[in-house]
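What follows is a short report on a single structure.
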Amino acid sequence: MSDCIFCKIIKGEIPSSKIYEDDYCYAFKDIAPQMPVHIVVAAKKHLPSVLEFTEEDMAFLGGIQLAIAKIARQEGLTENGFRVINNCGKDAKQSVPHIHYHILAGGDMGEKIV
Ligand code: AMP
Ligand code: ZN
């Protein structure tokens, strides 16, 4: 999508600190990190949110999940662990309408999810 910031990052039209890339996703450091490690894993297919995934995207979804595990190993996050978050819609404060997951790590995140 031409005016989508994450599509532009994936195409290299906007600079990013790339962490990982495969056929399904492009991962980069979040510009405003909320933990010492904060990685955005953006789908290579432009869809506004998880609500737009269909049965046809099953392989795509699996690919992204596998990529998250690969990124965790690559970035040395397996010992202490990490959190994966997807924000969907208004209440969750989704700010970029292009499907993506946050990987957060690098410190104790407490007992609550948020
Ligand atoms: P969300 O609020 O779940 O839609 O997450 C969007 C995330 O993208 C936020 O954490 C932003 O800090 C991050 N972000 C926005 N623009 C950029 C950018 N140009 N480079 C890296 N991260 C970005
Ligand atoms: Zn997009």
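Atoms within each ligand, like the ligands themselves, are counted from 1 in listed order.
Here the angle centred on the Zn ion (ligand 2), running from ND1 of His98 over to ND1 of His46, is 110°, rounded to 10°. Put simply, the angle at the Zn ion (ligand 2) from SG in Cys4 to SG in Cys7 is close to 120°, to the nearest 10°.
Here Phe6 has side-chain heavy atoms under 4.0 Å from ligand 1, and that is the only part of it that gets that close. Proximity of Gln34 to ligand 1, defined as any heavy-atom pair under 4.0 Å, is not found for any part of the residue. Contact annotation for Ile9 and ligand 1: only side-chain heavy atoms (C-beta onward) come within less than 4.0 Å of the ligand.
Heavy-atom proximity to Lys29, at under 4.0 Å, picks out these atoms of ligand 1: 21 (C). Distances below 4.0 Å separate heavy atoms of Lys93 from the following atoms of ligand 1: 2 (O). In summary, the atoms of ligand 1 found under 4.0 Å from a heavy atom of Ile5, numbered by their order in the structure, are 16 (N), 19 (N). In summary, the atoms of ligand 1 found under 4.0 Å from a heavy atom of Ala32, numbered by their order in the structure, are 12 (O). Close approach of ligand 1 to Phe28 (heavy-atom distance below 4.0 Å) involves ligand atoms 21 (C), 22 (N).
Distances from atom 3 (O) of ligand 1 to the heavy atoms of His102, His38, Gln94 put His102 nearest.
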What donor-acceptor contacts under 3.5 angstrom involve side-chain atoms of residues 69-84, with partners at least two apart or in another chain?
from: Gln74; atom 1: NE2; to: Ile19; atom 2: O; distance (Å): 2.7
from: Arg83; atom 1: NH1; to: Ile113; atom 2: O; distance (Å): 3.1

Just list the side-chain donor-acceptor pairs under 3.5 Å for residues 36-52, sequence neighbours left out, or say none.
from: His38; atom 1: ND1; to: Gln34; atom 2: N; distance (Å): 2.9
from: His38; atom 1: NE2; to: Asp30; atom 2: OD2; distance (Å): 3.3
from: His38; atom 1: NE2; to: His102; atom 2: ND1; distance (Å): 2.8
from: Lys44; atom 1: NZ; to: Glu21; atom 2: OE2; distance (Å): 2.7
from: Lys44; atom 1: NZ; to: Asp22; atom 2: O; distance (Å): 2.9
from: Lys45; atom 1: NZ; to: Asp57; atom 2: OD1; distance (Å): 2.5
from: His46; atom 1: ND1; to: His98; atom 2: ND1; distance (Å): 3.2
from: Ser49; atom 1: OG; to: Leu51; atom 2: N; distance (Å): 3.1
from: Ser49; atom 1: OG; to: Glu52; atom 2: OE1; distance (Å): 2.9
from: Glu52; atom 1: OE1; to: Ser49; atom 2: N; distance (Å): 2.9

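Residue, atom and distance of the protein heavy atom nearest to atom 21 (C) of ligand 1 are Ile31 N, 3.3 Å.
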